[in-house]
Amino acid sequence: MKFGKRLKQQIQETLPDWRDKYLSYKELKKLVRLVSSAPRLISGAGFGKAEAEFVYLLNNEIDKFNVFFMEQEEDFIIRNKELQQRIQGAIDRWGPNGNEPIETKYKEEMGKIRKDIVNFHGEMVLLENYSNINYTGLAKILKKYDKRTGGLLRLPFIQKVLQQPFFTTDLISKLVKECENTIDAVFVVDQDQEKTQEIEGIIVAEEGIFRNTVAALMNMQEIRSTSSTYSHFSLPPLNLPESHLFQSFQLTSPIPII
């Protein structure tokens, strides 16, 4: 799949409020065509107008990614703490004690929390995918620029991108792992049949975010696969954990997520 089509698909499959935060790939491609069709400058004369616009837009895009990513990251840190407090509060208030009415309230409350955690996990996966696909888009448009113009922008720009907040997903990855561990440890389902029914209930209730999360995981797996065109500018392969949550993703995905 061509990157432009992939990006368009990912924008359609993400959250509505996120859709204007992705790479302006079409605009950058137009500028590459303008640069490549313009008369070449004398060596050492500096950038022409189209070239300057291209570099300006690239820098603006990086700033856009960073602002959005850091806002989401801050929000996720707060929400993660709140969810952990809700879990502990439900355990302290309604924890199983042999009283059936109280245990019913406990199960109801924990069911609501679990649904919120699944949503939360999905949004964090979408943010990781946001980082991946925007980095990939930058690498591709810079490769296209260098190839068509004979320029040497890709290496210095990629070196710059590797230091940007939107590319540094270590904290988000840590929160994703904590989320999965919480689901596996706190929301234990003993029977396989009960587990399947619970997953199906989540899919019905959270079809949008669940479907979007599956699409994001599949996209990350594909663009980070060693079977695709690979270079030192490529992202490393994606290895998914053996979590109950990812097993549920397997059930909903039209192709296996490995």
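Everything numeric here is computed off the predicted structure, so don't read it as measured data.
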Fill in: Flag for Lys174-Asn80: side-chain donor and acceptor within less than 3.5 Å
no
Fill in: Test item: Ile133 and Arg6 side chains (from C-beta on) under 4.5 Å apart, heavy atoms
yes
Discussion item. Testing the basics here: between Ala139 and Arg154, what is the closest heavy-atom pair and its distance to 0.1 Å?
Written reply: O-CD, 3.7 Å
Fill in: Non-hydrogen side-chain atoms of Leu127 and Phe68 separated by less than 4.5 Å
yes
Discussion item. Please determine whether the number of non-hydrogen atoms from other residues, nucleotides or ligands lying under 6.0 Å from atom NZ of Lys160 exceeds 12.
Written reply: yes
Worksheet item: Is Leu162 linked to Ile141 within one hydrophobic cluster, defined over Ile, Leu, Val, Met, Phe, Trp and Tyr using a side-chain heavy-atom separation of less than 4.5 Å?
Response: yes
Item to complete: Report yes or no: does Glu61 contribute a side-chain atom to a donor-acceptor pair with the main-chain N or O of Ser24 at less than 3.5 Å?
Response: yes
Fill in: Candidate list Glu123, Gln84, Glu74, test side chain to side chain donor-acceptor pair (under 3.5 Å), partner Arg79, passing option
Glu123
Worksheet item: Can you name the closest pair of heavy atoms from Asn66 and Pro165 and give their distance?
Response: OD1-CD, 3.2 Å
Item to complete: Kindly compute the distance separating OH (Tyr25) from NZ (Lys140), expressed to the nearest 0.5 Å.
Response: 7.0 Å
Response to the item:
side chain to side chain donor-acceptor pair (under 3.5 Å) filter on Asn134, not counting sequence neighbours, yields none
Worksheet item: Under the side-chain contact (heavy atoms from CB on, under 4.5 Å) test, which residues partner Glu108, sequence neighbours left out?
Response: Thr104
Worksheet item: Does Asn129 reach the main-chain N or O of Val125 with its side chain, forming a donor-acceptor pair under 3.5 Å?
Response: no
Practice prompt. Would you give the length of the straight line joining atom OH of Tyr130 to atom CG of Leu23, rounded to the nearest 0.5 angstrom?
Written response: 9.0 Å
Worksheet item: Would you call Arg93 and Glu109 a salt bridge, taking side-chain N to carboxylate O under 4.0 Å as the test?
Response: no
Response to the item:
Residues passing the side chain to side chain donor-acceptor pair (under 3.5 Å) test with Tyr22, sequence neighbours excluded, are Thr14
Discussion item. Membership question, hydrophobic clusters at under 4.5 Å side-chain separation (ILVMFWY): are Leu83 and Leu171 in the same one?
Written reply: yes
Practice prompt. To the nearest 0.5 angstrom, please state how far the CD atom of Gln164 sits from the OG atom of Ser131.
Written response: 11.0 Å
Worksheet item: At what distance, to the nearest 0.5 angstrom, does CG of Leu142 lie from CG of Leu152?
Response: 11.5 Å
Discussion item. Is the shortest side-chain heavy-atom distance between Ile91 and Tyr106 below 4.5 Å?
Written reply: yes
Practice prompt. Evaluate side-chain contact (heavy atoms from CB on, under 4.5 Å) for Ile62 paired with Leu138, printing each intermediate quantity in order.
Written response: CA-CA 9 Å; Ile62 291 172; Leu138 287 172; 4.2 Å; yes
Worksheet item: With the 4.5 Å side-chain cut-off for hydrophobic clustering, are Phe166 and Ile77 part of the same group?
Response: yes
Worksheet item: Does any non-hydrogen side-chain atom of Gln72 lie less than 4.5 Å from one of Trp18?
Response: yes
Practice prompt. Quick one: pull up NZ in Lys8 and NZ in Lys2 and give me the separation to the nearest 0.5 Å.
Written response: 13.5 Å
Discussion item. Once ring-ring contact (aromatic ring centres under 6.0 Å, His included) is applied, do any residues pair with Phe157, and if so which ones, sequence neighbours excluded?
Written reply: none
Worksheet item: What residue pairs, at least two apart or across chains, pass salt bridge (charged side-chain N to carboxylate O under 4.0 Å, His left out) with a residue in residues 22-33?
Response: none
Worksheet item: Which residues satisfy the salt bridge (Lys or Arg N to Asp or Glu O under 4.0 Å) test with Arg19, sequence neighbours excluded?
Response: none
Worksheet entry | Residue pair Leu7 / Thr136, side-chain heavy-atom distance below 4.5 Å | no
Worksheet, complete the sentence: Note: Leu34 and Ala50 closest approach over all heavy atoms is CB-CB, 4.0 Å
Fill in: Met110 and Ile87, any side-chain heavy atoms less than 4.5 Å apart
yes
Discussion item. Please report the interatomic distance NZ(Lys115) to CD1(Ile117), rounded to the nearest 0.5 Å.
Written reply: 13.0 Å
Worksheet item: Can you say whether the rings of Tyr145 and Phe54 are parallel (under 30°), tilted (30 to 60°) or perpendicular (over 60°)?
Response: parallel
Worksheet item: Looking only at heavy atoms, which two atoms of Glu180 and His121 are closest? And how far apart?
Response: OE2-NE2, 2.9 Å
